[in-house]
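One structure is given below, encoded as structure tokens.
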Amino acid sequence: MATAELVLGLLHNGPAHGYDVKRGHDAWFPDSRPLAFGQVYTTLSRLERDGLVEVVDRGSEGGPERTVYALTPQGREHLAHWLAEPIQPALGAVDEMVRKVVATIRTGEDASAFLARQRSSHLRRIRELKAVESDSDSSSWLVRDYMALHLDADLRWLDNALDRITEQKETSR
Amino acid sequence: MTELALELIRVEYAYRRDVALRGVSLQVRPGEVVAVTGPSGCGKSTLLHCAAGILRAQAGTVHLVGQNLAELPEADRTRLRRTQAGVVLQFGQLVPDLSLTDNVALPLLLEGHEREAARRAALGWLERVGVADDAAATPSELSGGQNQRAAVARALVTGPAIVFADEPTGSLDTHAGEQIMELLLSSARVGGSALVIVTHDNLVAAYADREVRLRDGVIQHEVSLS
Amino acid sequence: MNLRTLIELARPRSSTDRRRMALLVSAVALAGAFLLAGQRVARHSATYLDGWEQSSYLAEPGLRQGVVVAAVLMAGTACALAFQALRLGTAARDRRLTTLRLAGATPNQVRLVGAVDAGLGGLAGGILAGPLYFVLAAAVQALPGEARVLPAPNYLDLLAWPVAIVLLTVLAAIAGRSLRRGLVTEPTVDPAATGWRTKYLVIGLVGLALIVLSSMVFNLVTIFAQTAGVVLAASGFAPLAVARHGRRLGRSGDPLKMLAGARLLHTARPVGRMLALLVFCGGVAGVVMAMAVDLQATSGGVIQDDPFYLTGFAFVGLLALFAALAAGVALLAGTADDLLDQRRQLAALSVFGVGESQLLRSVRRRLTSTVAPAITIGLLIGGGLYSSILLRAEYSSSGRAFVVVLVGAVTGGLVAWLVAAAAAFLLRGQVREAVDPQNLRSA
Ligand SMILES: Nc1ncnc2c1ncn2[C@@H]1O[C@H](COP(=O)(O)OP(=O)(O)O)[C@@H](O)[C@H]1O
Ligand SMILES: [Mg+2]
């Protein structure tokens with residue numbers, strides 16, 4: 001999770017309170033888990049320690065929620081660097097679904113019943129994602145599309161896997 | 001209990017060499033959206049053609065809005081199909097010589113409606129599916145997406161009890177495909193038509209209330225999605 | 001590809017395929033027989049002096065050349081017919097050629113298959129041409145003297161026959177190679193539908209003006225000017241009339257008429273050209289008809305006994321009939337092509353109850369509603385023009401000629417209607433293939 005870099009990104013358009021940073025994050029990713037206040041403030045103070053952000057106004061009462069943060073030149077550079085770097089393909093990160101399928105087959109459970117249940121639940125989730133009306137200038141559909149297409153990929157992998165297993169059974173019989 | 005829009009009981013169909021359906025039973029309630037999925041060659045199109053009465057089931061029965069297709073005389077069967085079933089294919093179903101309006105009016109004209117009334121109804125549907133501006137154009141002058149819109153209008157113009165769609169988005173890009181799917185769903189909802197969509201695309205299947213999965217001519221599973 | 005593979009690929013498979021091949025072979029055989037007849041007449045050198053009874057068409061060198069020209073014209077028409085048969089696509093053949101292309105055959109290899117396919121037809125036709133010619137010649141020998149326009153066959157014909165076989169095979173192969181079937185998988189789109197009308201209108205008007213102007217003067221040139229005028233007017237107006245007819249049908253509330261009309265509207269030019277040919281053939285027949293009436297009236301009934309004229313009329317009439325037949329087959333082939341190109345769309349209509357019988361009816365309407373009027377109009381024009389010449393020459397027979405032409409035109413139209421209706425029946429294979437649900441499968 002690149003929370004630090006995201007916070008830098010949220011400060012990109014100008015100085016902001018910790019509260020604004022949290023709100024901005026939740027607007028960017030309405031379908032993901034909201035960012036906790038605690039996480040925002042620990043991240044901001046870590047970034048301040050590293051010289052990537054600086055405090056530009058402490059407010060009259062001096063409480064943390066009044067503090068206004070801004071990007072430093074190093075912070076801007078760090079953000080640009082992060083955006084310019086392609087992410088590593090997540091090799092070897094085996095999903096829970098893969099573990100379940102392998103376990104289902106190894107324990108001799110009914111794989112096609114598993115397929116039916118998994119298709120049902122994945123298709124429902126895709127349906128929910130598609131059902132959300134996206135307001136025109138939001139970017140949230142990007143995230144929903146990403147999730148829907150990944151669920152689609154899961155299902156295709158599952159179809160393929162179970163097809164091959166059925167074929168193997170048929171030929172070995 | 002209201003009668004089913006479609007009921008297939010142990011339907012079988014074999015081509016000269018391949019057995020395409022080996023006893024498929026299926027029920028579709030009025031207004032229900034059912035996705036028929038499965039790998040290519042598993043018999044999806046054959047199932048759809050049998051259900052729509054394009055092919056005659058070799059064994060088993062097909063009931064369309066409660067009527068047994070096999071027991072009806074040819075003329076009645078045709079009329080039933082014409083008024084109660086709409087069909088949308090992947091592409092190339094509109095008559096190239098006719099304007100979109102005439103294409104959409106065709107089922108009504110065959111039903112014996114007055115030409116002007118039929119054209120008016122067709123225009124109304126073209127407007128609803130968003131191609132009213134191209135009503136006078138012929139299919140070859142328009143894009144695949146626009147043609148599919150007109151095909152949706154033609155399938156729904158008679159107010160059928162059920163619409164059959166065979167890979168309706170198969171030759172469109174993702175965005176145009178989504179638009180057609182939404183159009184199909186909303187149009188079917190307006191008229192209360194049931195919808196049977198044949199597809200191998202999970203993103204299309206996800207629109208349905210129920211998934212029927214076919215494999216080698218038999219139903220592998222049926223799951224509710226709503 | 002070796003020859004065996006080629007022949008295997010070119011071999012007809014479906015029953016429609018075989019009918020197409022049968023048409024091709026018969027047309028080539030006819031062409032061959034006419035060619036053989038032509039060379040036989042050309043080699044003929046006997047005159048009256050030989051003392052045995054023979055037709056003056058053979059005896060007089062000038063007329064003899066006319067017979068040779070007529071035979072070559074007949075052969076040419078038969079060749080045109082064969083070409084139409086070649087063009088006739090069938091769904092099965094089309095699919096085969098398309099898959100051949102997809103399997104990686106080069107355009108040249110596909111053309112080669114086309115050449116072998118046509119060449120085989122040419123070969124078979126050429127082989128059949130010999131027996132056909134001998135039967136024809138024998139039949140002619142049985143006719144009364146003046147009608148015996150073919151000399152008895154002799155041994156040199158046996159040498160000409162193999163030459164004809166080679167010639168026809170090569171010609172057919174070249175024609176088969178030049179076709180584009182299988183190379184372009186998309187149905188051809190009509191070029192811009194606008195603009196052509198004015199051009200055709202002008203052509204038609206020029207023709208009409210020529211007819212009118214030439215009727216004002218009265219001399220030998222008249223007949224040629226009027227012929228040219230009829231040709232121009234027919235080629236100009238026929239496509240316009242077809243388009244108009246198509247539009248009118250298209251506006252009707254009957255969906256089958258609508259389908260027929262829309263197709264006519266989109267094929268107005270090729271259909272119009274063939275109809276113009278039919279009008280012309282009808283015109284020739286009309287002239288012959290009026291001329292026969294005239295001769296009979298002026299010669300006081302002698303005409304029946306004058307085999308010279310009768311033979312001449314039969315000749316011209318046969319030529320016109322044959323050309324009309326070729327035009328009819330071309331129309332039929334065009335219709336078959338349409339059925340092939342639109343098979344997916346037509347199959348999709350089957351859900352609405354537009355099945356085989358409805359489609360066949362629509363096809364029949366397309367053919368009958370164009371062919372019958374064309375023949376009638378042609379007969380009226382030809383007969384009418386000739387009769388009007390009689391009228392102005394103040395021959396007493398003009399009135400009778402008008403009546404006969406009128407009756408003849410109606411009868412001719414009726415016969416043409418029947419022939420077109422019967423011909424539509426020939427397309428039932430194509431119609432069945434067009435509505436086959438298999439066409440609905442996506443690729
Ligand atoms: N016209 C036909 N002739 C012969 N076999 C066919 C024909 N149509 C379909 N088949 C066969 O029937 C099976 C099912 O085909 P189809 O219903 O088109 O499957 P799907 O639509 O799921 O891809 C396939 O094995 C196919 O090869
Ligand atoms: Mg299919």
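Lettering of chains follows the sequences in order, A, B, ..., and the numbering in each one begins at 1.
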Six-ring centre of C/Tyr200, C/Arg197 cation under 6.0 angstrom, axis tolerance 45°: no

- prompt: Do you know which of B/Leu110, B/Leu108, B/Asp102, B/Thr78 has the most heavy-atom pairs with chain C at a distance under 4.5 angstrom?
  reply: B/Leu110

message: Does B/Glu114, at its CD atom, have more than 12 non-hydrogen atoms belonging to other residues, nucleotides or ligands within less than 6.0 Å?
response: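 Not more than 12 within 6.0 Å, no.
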
task: Please list all pairs passing the salt bridge (charged side-chain N to carboxylate O under 4.0 Å, His left out) test where one or both residues lie in residues 245-255 of chain C, with sequence neighbours left out.
output: none

message: Counting only non-hydrogen atoms closer than 4.5 Å, does B/Val87 touch chain C with its backbone (N, CA, C, O), its side chain (CB onward), both, or neither?
response: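 Only the side chain of B/Val87 comes within 4.5 Å of chain C.
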
Part of B/Leu55 lying under 4.5 Å from any heavy atom of chain C: side chain

message: What part of C/Val435 gets within 4.5 angstrom of chain B, counting heavy atoms only: side chain, backbone, both, or neither?
response: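 Interface part for C/Val435: neither.
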
Salt bridge check: are [X] and [Y] linked by an N-O gap of less than 4.0 Å?
X	Y	value
C/Arg20	C/Asp117	yes
B/Lys44	B/Asp166	no
C/Asp338	C/Arg263	yes

- request: Kindly indicate, with the supporting measurements, whether the criterion side chain to side chain contact (heavy atoms under 4.5 Å, CB included) is fulfilled by B/Thr138 and B/Asp97.
  value: CA-CA 6 Å; B/Thr138 56; B/Asp97 305 327; over 6 Å; no

field: Point-to-point distance, once rounded to the nearest 0.5 Å, from CD1 of B/Ile54 to CG of B/Leu48
entry: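 The distance works out to 6.5 Å.
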
query: Do any of residues 141-156 of chain B come closer than 4.5 Å to chain C, heavy atom to heavy atom, and if so which ones, in number order?
result: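 At a heavy-atom separation under 4.5 Å, chain C is reached by B/Arg154.
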
